[in-house]
Each structure stands twice: as structure tokens, then as C-alpha cells.
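All figures in this text were calculated on a predicted structure; none of them were measured in a lab.
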Amino acid sequence: MWLTNLRLSLILLVICGLAYPLAMTGISGVIMPAKASGSLITDASGKVLGSELIGQSFTDPKYFSGRISSIENNAAGSGSNNYAPSNPALIERTQKDLAAFLQANPGVKQEDIPADLLTNSGSGLDPHLSPQAAEVQVKRIAKARNLDPAKLRKLIEEQIEDRSLGVFGEPRVNVLKLNLALDQLG
């Protein structure tokens, strides 16, 4: 009896652990090669700038900043601290991040800051912001780059991605793509 179970386990191990993943990798590489390779964004010379699926940390005031990441946007392992809203560590971290954001963005009122600028996503890797979270940073970036705020608002509008399949999620802006488009502005 145990020999039959062992053979069945080995057969399933080969099918489910080797054959199926290799087949899916091969099929996805043929059907959608860019997505199968990690949705990498490259410059004109082919240098990888990042992935459209993984958030990056932008600290320069000339760029839009993304969401907070408790794992420093390290794609080797995703996750967050999963603190309850009443957890003192979360409250302390949020207050610290709020103060830093207000200092970097003078003139922005606390109540105007969207929650996604001060909260983790479930994975800690979310590359998107709400359009409102991008909008609240316009004044700082316009000043740092000596640009007309209306140009920045138009750029944000051009970068808004609609709901997935028209129903899933909310309209959003990919921060890396937005910052690359910002560099194209000058």
C-alpha cells in the first residue's frame, strides 16, 4: 500500500511541480512575452528602469512619491506588518509619515491627503496611487521643476489607468510611468 502511495506522490510531484509550471511558463512566454518577463520598463538603450508591477521609492522632491512600503519595495518577499488600526506602532508610523509629507508639501492640508499616501498595500509593492494622491503632490513638483501646475495635472490625467476589465479596482496612476512621463516634460 505504501509503495502505491509513494508512486502516486512521485507522479503528482512531476506533473504538478515540474511539467505544469514549465508548460505554463512556456505558453505565457509565447502568448504574452512582456508580462511573462515581469512587465519590465526599459529606456531607449534597453536599460531596465523598473517593473510596472512593483513600486519604487522616489524621495527626490522633483518626482511623485508612491505608497508607503514596510518592506522597502523589495520584491524578494511581499507583505506588510498587518497592523490593526488601533496598533500603537501603526499610529506612530502614520503620524511620522504624515509629518514628513506635510513638511515636504507645504500648503497641503492634512485632511486633503488621500489615505493611499500614508498606508501600505497588502503586498507592500503596489506601484499605483489614486489620481487624488498624485494631484496633492502637484504644487511641490511644479515648484521643484519650475513647471506650470496645469501641465502636471494634464500629465496625471493622461496617465490614469481605468478599472481592470472596466469593473475591478479604482482608477489609478502608475507612479513609475508617471515619473518617466514627467522626465519627458523637461
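Atoms NZ and CG, on Lys139 and Leu152 in that order, are 13.5 Å from each other to the nearest 0.5 Å. With rounding to the nearest 0.5 Å, the separation of CG in Asn73 from OG in Ser123 is 9.0 Å. The CD atom of Gln132 sits 4.5 Å away from the OG atom of Ser130 when rounded to the nearest 0.5 Å. Taking CG of Asn74 as the start and OG of Ser57 as the end, the distance is 12.5 Å to the nearest 0.5 Å. Here Glu135 contributes atom CD and Asp112 contributes atom CG; the two are 10.0 Å apart, rounded to the nearest 0.5 Å. To the nearest 0.5 Å, atoms NZ (Lys154) and CD (Gln159) are separated by 11.0 Å.
Within the 4.5 Å cutoff, the side chain of Asn105 has no heavy atoms near those of the Val136 side chain. Contact annotation: the side chain of Thr94 never approaches that of Thr119 to less than 4.5 Å [non-hydrogen atoms, C-beta and beyond]. The shortest distance between side-chain heavy atoms of Ile68 and Arg93 falls below 4.5 Å. The side-chain heavy atoms of Asp97 and Phe101, taken from C-beta on, include no pair separated by under 4.5 Å.
Cluster note: Val48 groups with Leu40 through ILVMFWY side-chain heavy atoms spaced under 4.5 Å, whether in direct contact or through intervening members.
Between the side chain of Ser28 and the backbone N or O of Thr25 there is at least one donor-acceptor pair closer than 3.5 Å. Looking only at distances, a side-chain donor or acceptor of Asn179 sits under 3.5 Å from a matching main-chain atom of Phe64. Looking only at distances, a side-chain donor or acceptor of Ser69 sits under 3.5 Å from a matching main-chain atom of Gly124.
The cluster map of Ile, Leu, Val, Met, Phe, Trp and Tyr, joined by side-chain heavy atoms under 4.5 Å apart, puts Leu3 and Leu10 in the same cluster. Residues Ile91 and Leu102 do not share a hydrophobic cluster, clusters being chains of Ile/Leu/Val/Met/Phe/Trp/Tyr side chains in contact below 4.5 Å. Cluster membership for Tyr20 and Ile31, using ILVMFWY side-chain heavy atoms within less than 4.5 angstrom, is shared. Hydrophobic clustering (side-chain heavy atoms under 4.5 Å, transitive across Ile, Leu, Val, Met, Phe, Trp, Tyr) groups Val108 together with Leu147. Leu98 and Phe58 end up in the same hydrophobic cluster when Ile, Leu, Val, Met, Phe, Trp and Tyr side chains are linked at under 4.5 Å.
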* Asked: Can you check side chain to side chain contact (heavy atoms under 4.5 Å, CB included) on Ile54 and Leu176, steps first, answer last?
  -> CA-CA 9 Å; Ile54 299 172; Leu176 175 59; over 6 Å; no

* Asked: Run the side chain to side chain contact (heavy atoms under 4.5 Å, CB included) check on Asp116 and Asp126 step by step: do they pass?
  -> CA-CA 10 Å; Asp116 55 327; Asp126 192 355; over 6 Å; no

* Please walk me through it: do Asn120 and Arg67 pass side chain to side chain contact (heavy atoms under 4.5 Å, CB included)? -> CA-CA 6 Å; Asn120 248 341; Arg67 291 187 77 160; 5.6 Å; no

* Do Leu155 and Glu158 pass the side chain to side chain contact (heavy atoms under 4.5 Å, CB included) test, and can you show the C-alpha distance, the side-chain angles, and the key distance before you say yes or no? -> CA-CA 5 Å; Leu155 183 68; Glu158 292 169 355; 4.0 Å; yes

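Stacking of Arg140 on the aromatic ring of Tyr63 is not recorded, the 6.0 Å distance cut-off and the 45° axial limit not both being met.
When all heavy atoms of Pro171 and Ile160 are compared, the pair lying nearest together is CB-CG2, 4.0 Å. Taking every heavy atom of both residues into account, Val173 and Leu178 meet most closely at CG1-CD2, 3.7 Å. The nearest pair of heavy atoms linking Arg172 to Ser164 is NH2-OG, 3.0 Å. Between Pro21 and Gly17, the shortest heavy-atom distance links the atoms CG-O, 3.6 Å. Annotation for Val175 and Ser65: closest pair CG1-C, 4.2 Å, computed over non-hydrogen atoms. A pairwise comparison of heavy atoms in Glu52 and Pro127 identifies O-CG, 3.3 Å as the closest pair.
Ion pairing of Asp60 with Arg145 is absent here, as no side-chain N (NZ or NE/NH1/NH2) approaches a carboxylate O to less than 4.0 Å.
Within 6.0 Å of atom CD in Gln103, 12 or fewer heavy atoms from other residues, nucleotides or ligands are found, so the atom counts as exposed in its surroundings. For Asn146, the CG atom sits in a loose shell: 12 or fewer heavy atoms of surrounding residues, nucleotides or ligands are nearer than 6.0 Å.
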